[in-house]
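Note: hydrogens, waters and symmetry copies are ignored here, and every other heavy atom, side chains too, is used. We count ligands from 1, going down the list as the structure has it; atoms in each ligand are counted the same way.
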Amino acid sequence: ATAQIGVTGLAVMGRNLARNLARNGFTVALHNRSPERTRSLVAEHGDEGTFVPAESMADFVAALERPRAVIVMVKAGGPTDAVIDELIPLLDAGDIVVDCGNAHFADTRRREEALRGHGLHFVGTGVSGGEEGALRGPSIMPGGSAESYRKLGPIFEKIAAQVDGVPCCRHIGPDGAGHFVKMVHNGIEYADMQLIAEAYDLLRAGLGAEPAELAEIFREWNAGELESFLIEITADVLGHRDAATGRAFVDIVLDRAEQKGTGRWTVQSALDLGIPITGIAEATFARSLSGHADQRAAARRAFPDAGEKKWQVTDRDAFVEDVRRALLASKIVAYAQGFDQIRAGSREYDWDIDLGGTATIWRGGCIIRARFLDRIRQAYDEQPDLPTLLVAPWFADTVNDGVPSWRRVVAEAARAGVPAPAFASSLAYFDALRAERLPAALIQGLRDNFGAHTYHRVDRDGTFHTRWAGDRSELEA
Ligand code: NDP
């Protein structure tokens, strides 16, 4: 046994992760259900490091040093369970099975419990950054036991992206914590992308500008507070021309956004936890709406004119700055909500997740990588019990500075009939959070009226009910 770690599942992600491990000096055992993938990896990249290829799962396991560490990188769902079932009888107590696929955290919790019963460690690990990340340094979010991290940590921290000398990997917490955090990461990614898309749409409507001109604006934004991978590639995509037609690439792409499901998972979990992640939810629903072609066509026919006003921007620079500030404020809301969800999940499942640490490992390697995450880390490091990221000093100042712009942009968008659901709902969330009184009081009144659901009073303790159908006297429950 000579290999420090093994990878089974050598499609694009597993292959690149195995190469990354080998390039960093680790001896890597290789296995794939169909052996052609193993052979082609060794044939094409065998010179990048030390690989120990195996054609059977038994030979693969036999090639590993103890305690064995096996990375499973196969299609999520049934295939992951099939591979785990194949591995269990071949492993010994103390060995570690690492699932780097996109598993739902509830599946990870179930698998962790089952493998614990066999004396095995199961480490559900979120890996972000796509194929390029897997090869050159992803953001890695391992869950599972602290003991398993003692073996995996030094390996993962070496192959992860590095920012300012700090690896984009840390132990997130027990059982499903890693996959949970990866899920919320993807939800935030949905929100980030939706906000960027709305900003583009608003700029285009307001300025009547061509995508290439808008690319320039995003390039400028990328030099400031909004600096991030997603803003950078937005400039790239907007500046791209379709070779076949010579038109702006963004104008020849069908406007129907697809999803693989992690946004949906994030929203479902937030509903269970009772955390209003309105930015992520709007982003997820906006993708769904884009796919309803029949309804969109019918609505276009039914409402050719809905009283929208032509958008007339008089001061170009001021307008661009308004959109930039509105984007930044809405983005802060989306991140604040995502971190609220991580905190709630951590409490619900006893994970003890370090929020600042989580922000740290998203600074590089992953799709939402951004300088901005340093601010989040600082905020939670300075005040771990921060009620919401919105009130941390830098965030509060930025939102305060941006509020007039935010209101102008959302109001103008509504007047012009340009949909900006994530901008608008983020602003509504902000206003609701800071409201002195919410109309929730009326909802409590209605609930008590039709269902005797009771209410609390502002002026004294206790639980009350009004006899709505009777003499309207109040009872204390
Ligand atoms: P795929 O999700 O396309 O899965 C293909 C791999 O799964 C192949 O190695 C295949 O083996 C194996 N496989 C499928 N069914 C079985 C089975 N029943 N038993 C054994 N092996 C099976 O591969 P990717 O590389 O795209 O992704 C791997 C994992 O990483 C997935 O969970 C994915 O969600 C996740 N992920 C992907 C990212 C990406 O950007 N693609 C980013 C982050 C995570 P065979 O060759 O024999 O068919």
Side chain to side chain donor-acceptor pair (under 3.5 Å) partners of D92, counting only residues at least two apart
R66, R68
Short side-chain to backbone donor-acceptor contact, K151 and P67, under 3.5 Å:
yes
How about W406 and Y429: are their ring centroids closer than 6.0 Å?
no
cation_pi(R287, Y190) dist<6.0 Å, angle<=45
yes
Run the salt bridge (Lys or Arg N to Asp or Glu O under 4.0 Å) test on E44 and R15 for me, step by step, so that the C-alpha distance in whole Å, both residues' side-chain angles and the decisive distance to 0.1 Å come before the verdict.
CA-CA 11 Å; E44 287 163 37; R15 177 187 178 95; 2.5 Å; yes
Quick one, list the residues around ligand 1 where some non-hydrogen atom comes in under 4.0 Å, by chain and residue number.
G9, L10, A11, V12, M13, N32, R33, S34, R37, M73, V74, K75, A76, P79, V83, G101, N102, V127, G130
Distance flag, aromatic centroids of F105 and H179, threshold under 6.0 Å
no
